[in-house]
Amino acid sequence: MIREAVQSDLDAILELYLFLHEDRVPEKDEHLRETWMQIIQDPNHHLIVNVVDDKIVSSCVCVIIPNLTRNVRPYVFIENVVTHEDYRGKGYAGECLEYARQIAEKENCYKMMLLTGSKKQETLRFYEKNGYNSSDKTAFIQWLGMDK
């Protein structure tokens, strides 16, 4: 079942992010709680989860960014696409991306963008299969306050 995250999903999402690039669950302090509430209360921030047998197995973040160009149409940025390793290859992340696409279309967005740090061909093919291409834009990243 695809849905947007609710307040009680925090622990499960933090555990799922261990399959993304995190090496530990962050400390459950006031900063984490405030950030979580900001995320789930922001109407432009959609944390999409795919639930199988009452377990969050896949997720992505879809952020709608207001915009003054393209006839004042917003665009979407997709981030943190992840699937639990035991559930990969079953289409769960693709379902999350499709849900994000539906949000983008409903909000009259003119494009969706995502970045991936993966160089794995199967990951790149996955994004291509889901409608993304790497030929239209060039991405640059500047890391701030952390080691890459």
(request) Quick one: which residue pairs count as a side-chain hydrogen bond (donor to acceptor under 3.5 Å, both in side chains) with a foot in residues 46-56, not counting sequence neighbours? (result) Glu4-His46, Asn50-Glu95

(request) May I have all residue pairs that pass salt bridge (Lys or Arg N to Asp or Glu O under 4.0 Å) and include part of residues 72-91, sequence neighbours excluded? (result) none

(request) Mind checking side chain to side chain donor-acceptor pair (under 3.5 Å) for Gln102 and listing every partner two or more places apart, or none if nothing turns up? (result) Glu98

(message) Do Asn44 and Pro66 make a side-chain contact, defined as non-hydrogen atoms from C-beta onward lying under 4.5 Å apart?
(response) yes

(request) Check whether any side-chain N or O of Asn130 sits under 3.5 Å from a backbone N or O of Phe126 as a donor-acceptor pair, and report yes or no. (result) yes

(request) Kindly state each residue pair satisfying ring pair (Phe, Tyr, Trp, His ring centres under 6.0 Å) with at least one member in residues 51-84, sequence neighbours excluded. (result) Phe19-His84, His84-Tyr87

(message) Could you list the cluster mates of Leu144? Members are the ILVMFWY residues connected by side-chain heavy atoms closer than 4.5 Å, either directly or through other members.
(response) none

Quick one: side chains of residues 114-121, donor-acceptor pairs under 3.5 Å with protein atoms, not counting sequence neighbours, listed by atom name and distance.
unit_1	atom_1	unit_2	atom_2	d
Thr116	OG1	Ser118	N	3.1
Ser118	OG	Lys120	N	3.1
Ser118	OG	Thr123	OG1	3.4

(request) Only counting residues at least two apart or in another chain, list the ones meeting salt bridge (charged side-chain N to carboxylate O under 4.0 Å, His left out) with Glu30. (result) Arg33

(message) Does any part of the side chain of Ile78, heavy atoms only, come nearer than 4.5 Å to the side chain of Cys62, both counted from C-beta?
(response) yes

(request) With sequence neighbours excluded, tell me which residues meet side chain to side chain donor-acceptor pair (under 3.5 Å) with Asp9. (result) Arg3

(message) Among residues at least two apart in sequence or on other chains, which ones pass salt bridge (charged side-chain N to carboxylate O under 4.0 Å, His left out) with Lys28?
(response) Asp11

(request) Report yes if the side chains of Ile64 and Cys109 come closer than 4.5 Å at any heavy-atom pair, otherwise no. (result) yes

(message) Strictly by salt bridge (Lys or Arg N to Asp or Glu O under 4.0 Å), give each pair with a member in residues 122-142 just once, sequence neighbours left out.
(response) none

(message) Once salt bridge (Lys or Arg N to Asp or Glu O under 4.0 Å) is applied, what residue pairs with a partner in residues 104-117 remain, sequence neighbours excluded?
(response) Arg101-Glu105

(request) Quick one: do Ile2 and Ile48 satisfy side-chain contact (heavy atoms from CB on, under 4.5 Å)? Show the steps, please. (result) CA-CA 7 Å; Ile2 305 291; Ile48 299 162; 3.8 Å; yes

(message) Suppose the criterion is side-chain hydrogen bond (donor to acceptor under 3.5 Å, both in side chains): which pairs have a residue in residues 61-71, not counting sequence neighbours?
(response) Asn67-Thr69

